[in-house]
Amino acid sequence: TQHLHVGCPLHRLQPFYFSGANNRIMWSVLEGLQPNKRIVKEAAAVRKHLNKLTYHRKYNILHLRIENDWEEYCSKWQATAAGKLHNNCMNNTDTIDQVLMNLNVPVTEPLYVVSNWAELNPNRAEQVLSKLTAAGFQVVTSRDVARQFGRGREHDALVNYEVSLTAHKFLGNSASTWSALALLQRRHNALWSSYYNGGTIPLADHLPVDQLPWVFTFSNSTPHWDYLVKAAVRSAARHKSIRPYCLWSGNTSAFIYGWMREQGVSMIEHVPDWANELWKKAEMYKEENAKVSPIFKTQEALTENFIRIDVPVIPELEQYVYILFTDPDVYFHKKVTLATFSMPLPAKFAMAADPDSSAGLDGGVMLMNAPAMRESYEEFRAFVLSNRRGGFFPSYGAGVTGAYAAFYESYIKRGGHMSAHLAAKPFSEYDPAADIVHFLGPKPHEYLHFFKTLQCEHGQMCEKGLRNSLCQYAKRWHVYLNETEDEVGLATWYACLVLYAPHLKGLAVRQKFVI
């Protein structure tokens, strides 16, 4: 067919249509929508112009929304939220130079700034562009390659969209459909893409294909935890809304390292430059601190606990605005996306409350605002290393959670908490609405040990877990473990059956737990 007009069905389809096989079809359709030869030729001319400006033939794109009609749209959009928080339409526009520097967009590469220059206030445009120039960026606009433009707003937008798909780095406004679609398409193709205005990506409400980056830490120093990592990774893969990254600080020849790579986990090898300094102080109080937390027993355990403070400055993660960090002893009970978290999204970070801890927080599940945490990274790092006990913070607790609680105390008092559904715990009452389950305290293999011996290194927590919700969560958790690889999952579920199944009560070894 030479000419075919197809309407856009996007807003007529429910989000669940874009799951499973339909997701692959959607991307195939999008990749199949190719511009005509004229657009391709004009986009190639723009790329050629940009590539000539630097010896390594790379350029970056900033899609800047400051047009008059955009500002009018934003005032209406933010006023008619319809139950959703719309507060990020114009954010950071006047500090765009600082945002780009925070995201490490290189000044050594041309910055192609895209906007509809014919329909905006020239004084406002000059104000924003002058800040970028003053920051050292080599600013280029469509006015510098005028021959390729001037054939109408939609035509010019399509040329620039085509140019954006091959940029080294892309930075847009997530409230703009143009920016959001370019961001989603580039991330699907593993290209660096971010947005300067914070908040959510509204297009993702209709096109839920973006994956929330999930970061956890692990090493080969705790092989008896391998089964926990397997369950966590498999549960994330089942829901397909999570993009897993592992901060690895161990030997890359370890079995679990290779296993994670095979499962599609992006492995980031990272040994902090502060690890020795922190351990040097902690070692002097090793015996005393180890009574409070096992993380003080070895340098590997201490480093693995604190390594999360480096998440905002890891180059492989710098494109993300919000990052979900968890300990490896979790599993995803339900599908988790950025929309799962309460609005407004955290100004710095959010943790679930934990009244049983000294800090009052469960640091095992965090949502980080990476650009904001990057701004205070150096000061926070210095604060951690200045602690004379090497990671123990009196009145706030041991380890990195205590460090966050102490350094960000005023911020946490103003907020900084997330829903308990995002960090449900086996020793608490069962939460049918749980999104993430965190095996805080006793791990499943320790519950099994308690079931056999009535001995628990975590005091009363093992008994509380068996009396409360361990078995309800284990029913779903154990299916993520192959019994031929590891027996803990199936053994935990069998133990629960022995304790609670009515027709097996007579076989119970520990009748004291039968309710």
Ignoring hydrogens and geometry, is there a side-chain-to-backbone donor-acceptor pair from [X] to [Y] under 3.5 Å?
X      : Y      : answer
Asn51  : Arg47  : yes
Asn104 : Pro315 : no
Thr303 : Glu300 : no
Trp248 : Phe218 : no

Identify each donor-acceptor pair in which a side-chain atom of residues 306-313 lies under 3.5 Å from a protein atom, sequence neighbours left out, and give them as a table.
residue, atom, partner, partner atom, Å
Arg308, NE, Asn305, O, 3.3
Arg308, NH1, Gly363, O, 2.5
Arg308, NH2, Asp327, OD1, 2.8
Asp310, OD1, Trp274, NE1, 3.1
Asp310, OD1, Tyr377, OH, 2.7
Asp310, OD2, His270, NE2, 2.7
Asp310, OD2, Trp274, NE1, 3.2

Between [X] and [Y], do the side chains contain an N or O donor and an N or O acceptor separated by less than 3.5 Å?
X      : Y      : answer
His421 : Asp431 : yes
Thr200 : Tyr322 : no
Glu42  : His155 : yes
Glu109 : Thr54  : no
Ser174 : Asn197 : yes
Thr326 : Trp214 : yes
His438 : Asp329 : yes
Glu269 : Tyr257 : yes

Salt-bridge contact [X]-[Y] (side-chain N to carboxylate O under 4.0 Å):
X      : Y      : result
Arg414 : Glu409 : no
Glu119 : Arg153 : yes
Arg65  : Glu67  : yes

Verdict with reasoning, Tyr59 to Tyr112, per ring-ring contact (aromatic ring centres under 6.0 Å, His included):
CA-CA 7 Å; Tyr59 62 90; Tyr112 184 49; 7.3 Å; no

When you look at His188 and Trp27, which way does the ring-ring contact (aromatic ring centres under 6.0 Å, His included) test go after all the steps?
CA-CA 9 Å; His188 178 69; Trp27 283 118; 4.0 Å; yes

[X] vs [Y] aromatic rings, parallel, tilted or perpendicular, using cut-offs 30° and 60°?
X      : Y      : result
Trp70  : Tyr73  : tilted
Tyr320 : Tyr245 : perpendicular
Tyr404 : Tyr408 : parallel

Salt bridge (Lys or Arg N to Asp or Glu O under 4.0 Å) between Glu318 and Lys169: does it pass, once the steps are laid out?
CA-CA 11 Å; Glu318 66 185 9; Lys169 293 187 176 184; 2.9 Å; yes

